Asker: 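Below you will find the structure I want to go over with you.
Worth saying up front: this structure is predicted, and the values here are computed from it rather than measured.
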Protein chains: 2
Amino acid sequence: MKKVTILDIAKELNITFSTVARALNDHPAISKSTKEAVKKTAERLGYRKNKIASSLRSGKSNIVGVLVPSLDVSFFSSVVHGIESVMNQHGYSILLYQSQESNRKEDKGIETLLNSRVDGIIVSIAINRDDNTIFEEIISKNIPLTFFDRALHELNAPSVTIDDYRGGYMATEHLIQAGYRRIVHITETRKLSNFKERLRGYMDALKAHNIPFNEDLVLKGNLSLDFGKDCVKDLTSRGVLFDAIFALEDFTAMGVIQQLKAQQIKIPEEVGVIGFANEAFGSLVTPSLSTIDQQTHLMGQETAKLFLAMLQEGSFYKTAPKKITLDPLLIIRASSKGPKL
Amino acid sequence: MKKVTILDIAKELNITFSTVARALNDHPAISKSTKEAVKKTAERLGYRKNKIASSLRSGKSNIVGVLVPSLDVSFFSSVVHGIESVMNQHGYSILLYQSQESNRKEDKGIETLLNSRVDGIIVSIAINRDDNTIFEEIISKNIPLTFFDRALHELNAPSVTIDDYRGGYMATEHLIQAGYRRIVHITETRKLSNFKERLRGYMDALKAHNIPFNEDLVLKGNLSLDFGKDCVKDLTSRGVLFDAIFALEDFTAMGVIQQLKAQQIKIPEEVGVIGFANEAFGSLVTPSLSTIDQQTHLMGQETAKLFLAMLQEGSFYKTAPKKITLDPLLIIRASSKGPKL
DNA sequence: CTGAAAGCGCTAACAA
DNA sequence: TTGTTAGCGCTTTCAG
């Protein structure tokens, strides 16, 4: 089975291959009859347009690169799901990369994407990103770049994020309004600004409600279920008084819940708990976990739309970049129903 | 900023572009000094190899297509995670498609992949797949094709699956050994063979333990949390006697658990429950959900390895295809600890 | 060890 | 409405 090209179709019909090309691309200046004939023989011969050749010639690949930390984190796979769906409807394919939270792999990923001559790049950066040069290269080459969730805001590129500050504020305020007063916040040691924003929201919410900020109530580490457990152990063993915990993320919050249960501490009567991210398990566990929803599907769609708009504009970095901030959604479940009075 | 090609590097160094090309590809017949000079100026000029051009010329894209139903299902995103990681280590990129369980989109996806001249295709088919022609085209074109989890076994292509029959058998036998006797099985109406296999395992396990098969205890529908709830409602309202439920999949099992709890039916004392898939929430819910683990990470890695082996062979469909079957893992948790005696 | 030259399959400007 | 022609940027064979 040898390869069928437009030349084969042309020979078959005694016309030139450029007519064939035009017919296949529905060029307006081609008669209906030739178009039909061409399409029929194309089908008969099992012709498949070689996208590589057309990309090389036209300078457009109809492929966009998507680089995320890991598809094993449901937040990212969910957003990528949304991005792929929308981009696909608009005729684009997704070239996928995972940085695995490694800066080196992230750089390598971008390089491959650049070498592959993708039409644009969508990224959510690694947790420890500290060097922007590769991203500056994308921009200086005038290739469309859009960030989602984890953005480099100092760069002149559009982004779709949720308002982490507000999320942190909402979570904390909700706990306060539910009647909790000594509220612990578990945050991250690593660089990513999203976590710093949630912390800032936490602090401001306390201030707004005249609750003094207490440094002992802020714990830092690397997010994970086990870290959540450790935090509770640490707090109780040190005899710190607290009546609620706002964890930066749901798995950590789940660790908190499990450890509190293990130590027979009642949720929400003795300690209220709220997480962040609205993972699938939150509504299924007992007590169900209050959390902040990040609107993953909407984020995927908005990212794709913003990116498509950028593709159509042409001059990508002339004007101030559009930064879309989605509202976090407070999901109140059983774990923060308020303390026993 | 204009594009830099090997020609620019050549001019800069007063050598021909073919020498530059060889130097960049570490061709053995190029002197160390030229290689170094070339690489240095390449870097200085900001050269990036145009993969599209090399793909067109060499006939190799170093891209593999991956087509899955949906990344929003953690099973698939987890396997894709594994596939991407391994393939990436071997210099391949992933072109990603989602069929959204639609045959039409699946066909379109394969076509785009074919047009994109990927070096091979990895697929997990849509739930209602009924026509194999597009897959036959892949094989007839001698393009490497590998299935995972959901395979078309009648085709002469390799696959990595788990033994669904054994999974169904194990789940059922576990319930029997835990002391349950009137075991309900919830299965799917749709075509996919995996579910039929689980059902077969269920039936054979009953037979092996001399428990008569009772058609009233097999419920059919479309998997979902709500369907799980409906099943319990249906069984109790019809007054069917049962003391355990084996659901084809974890979300359905979760619906079962929620509805049993809502009706004050004790788990596992009055009714034991087991699911299938080992979703993240299973260990976090109360009672924790027994299930069958499908070894998603291993499946991703094995799929990638099998695929890579295929790529190296060259003659892809001469010999009988290698079909790897992974062992399902029984995960016993609280939901099936045995009935109250 | 390096150069010359052909061509992968298509797009698109220019001609007719 | 169709044909002619010139590449896109690289790989690769054949010469030297």
Side-chain angles (χ1 to χ4, degrees), chain A residues 1-39 41-42 45-63 91 112 114-119 141 143, chain B residues 1-39 41-42 45-63 91 112 114-119 141 143:
Chain A
M1 178 157 263
K2 64 175 305 300
K3 292 156 202 174
V4 185
T5 72
I6 45 174
L7 213 100
D8 299 307
I9 301 175
K11 276 182 199 148
E12 198 86 356
L13 295 172
N14 276 316
I15 52 180
T16 54
F17 70 97
S18 73
T19 305
V20 174
R22 277 186 283 245
L24 290 171
N25 291 331
D26 264 323
H27 191 105
I30 296 290
S31 76
K32 213 166 185 179
S33 57
T34 12
K35 273 187 193 171
E36 271 170 23
V38 166
K39 284 179 185 169
T41 42
L45 298 180
Y47 169 77
R48 290 211 167 283
K49 167 191 223 155
N50 187 329
K51 277 198 161 196
I52 295 184
S54 43
S55 297
L56 177 61
R57 182 59 236 248
S58 69
K60 270 208 82 214
S61 62
N62 275 282
I63 292 179
T112 313
L114 250 20
N115 292 350
S116 301
R117 297 299 189 269
V118 292
D119 289 343
K141 290 217 162 108
I143 293 166
Chain B
M1 177 160 265
K2 65 176 302 307
K3 291 157 202 176
V4 185
T5 72
I6 46 175
L7 213 99
D8 300 307
I9 301 176
K11 276 182 199 150
E12 198 85 355
L13 294 171
N14 275 315
I15 51 179
T16 54
F17 70 96
S18 72
T19 305
V20 173
R22 276 186 281 244
L24 290 171
N25 291 331
D26 264 324
H27 190 104
I30 297 289
S31 75
K32 213 164 184 181
S33 57
T34 5
K35 273 186 193 171
E36 272 170 21
V38 167
K39 283 178 186 170
T41 41
L45 298 181
Y47 169 76
R48 291 212 166 283
K49 168 193 230 162
N50 187 328
K51 278 198 160 195
I52 295 185
S54 41
S55 297
L56 178 60
R57 183 57 237 250
S58 69
K60 269 207 82 216
S61 63
N62 274 283
I63 293 177
T112 314
L114 250 21
N115 292 350
S116 301
R117 296 301 189 266
V118 293
D119 289 344
K141 290 217 161 111
I143 293 167

Asker: Using whole Å, what does the distance between atom P of nucleotide D/dC8 and atom CD1 of A/I52 come to?
Answerer: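 Distance check: A/I52 CD1 to D/dC8 P gives 18 Å.
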
Asker: Of A/L7, A/L13, A/I15, which meets side chain to side chain contact (heavy atoms under 4.5 Å, CB included) against A/K11?
Answerer: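 Only one of A/L7, A/L13, A/I15 forms a side chain to side chain contact (heavy atoms under 4.5 Å, CB included) with A/K11, namely A/L7.
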
Asker: Rounded to whole Å, how long is the line connecting atom CD1 of B/I30 with atom C1' of C/dG3?
Answerer: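 About 10 Å, once rounded to whole Å.
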
Asker: Take atom NZ of B/K3 and atom P of D/dG9, then tell me their distance rounded to the nearest Å.
Answerer: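 About 6 Å, once rounded to whole Å.
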
Asker: Given atom NZ of A/K11 and atom P of D/dG3, what is their separation to the nearest angstrom?
Answerer: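 A/K11 atom NZ is separated from D/dG3 atom P by 15 Å.
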
Asker: Could you pick out which residue, B/N14 or B/L56, lies toward the 5' side of DNA chain C when each is mapped onto its nearest nucleotide?
Answerer: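 Closest to the 5' end, via its nearest nucleotide, is B/N14.
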
Asker: Using a 3.5 Å distance criterion without hydrogens, assess whether the side chain of B/K35 forms a donor-acceptor pair with backbone atoms of B/H27.
Answerer: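 Present.
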
Asker: Is the phosphate of D/dG3 approached by A/T19 (side-chain N or O, under 4.0 Å from OP1 or OP2)?
Answerer: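 Yes, such a contact exists.
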
Asker: I need the A/I52 CD1 to A/S61 OG distance, nearest 0.5 Å.
Answerer: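 If we round to the nearest 0.5 Å, A/I52:CD1 and A/S61:OG are 11.0 Å apart.
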
Asker: Any side-chain N or O of A/T34 less than 4.0 Å from the OP1 or OP2 oxygen of D/dT2?
Answerer: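 So the side-chain polar atoms of A/T34 do come within 4.0 Å of the phosphate oxygens OP1 or OP2 of D/dT2, strictly under.
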
Asker: May I have the distance from B/H27 (atom NE2) to D/dT12 (atom C1'), rounded to whole angstrom?
Answerer: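 In whole Å, D/dT12 C1' and B/H27 NE2 are 10 Å from each other.
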
Asker: Is B/I15 touching bases, backbone alone, or none of the nucleic acid, heavy atoms closer than 4.0 Å?
Answerer: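 Sugar-phosphate contact only.
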
Asker: Could you tell me the separation between the CG atom of A/D26 and the P atom of D/dT2, rounded to a whole number of Å?
Answerer: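 Distance check: A/D26 CG to D/dT2 P gives 14 Å.
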
Asker: Base, backbone or nothing for each nucleotide of nucleotides 10-16 of chain C, written B, S, -, heavy atoms under 4.0 angstrom, 5' to 3'?
Answerer: BBBB---

Asker: Looking at B/T41 and B/I9, would you say the former's side chain and the latter's main chain have a donor-acceptor pair under 3.5 Å?
Answerer: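 Side chain of B/T41 to backbone of B/I9: no pair is present.
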
Asker: For A/V118, does its backbone N or O pair with a side-chain atom of A/S116 as donor and acceptor, under 3.5 Å?
Answerer: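 A pair under 3.5 Å: no.
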
Asker: Side chain of B/D119, backbone of B/N62: donor and acceptor closer than 3.5 Å?
Answerer: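 Confirmed, B/D119 side chain pairs with B/N62 backbone.
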
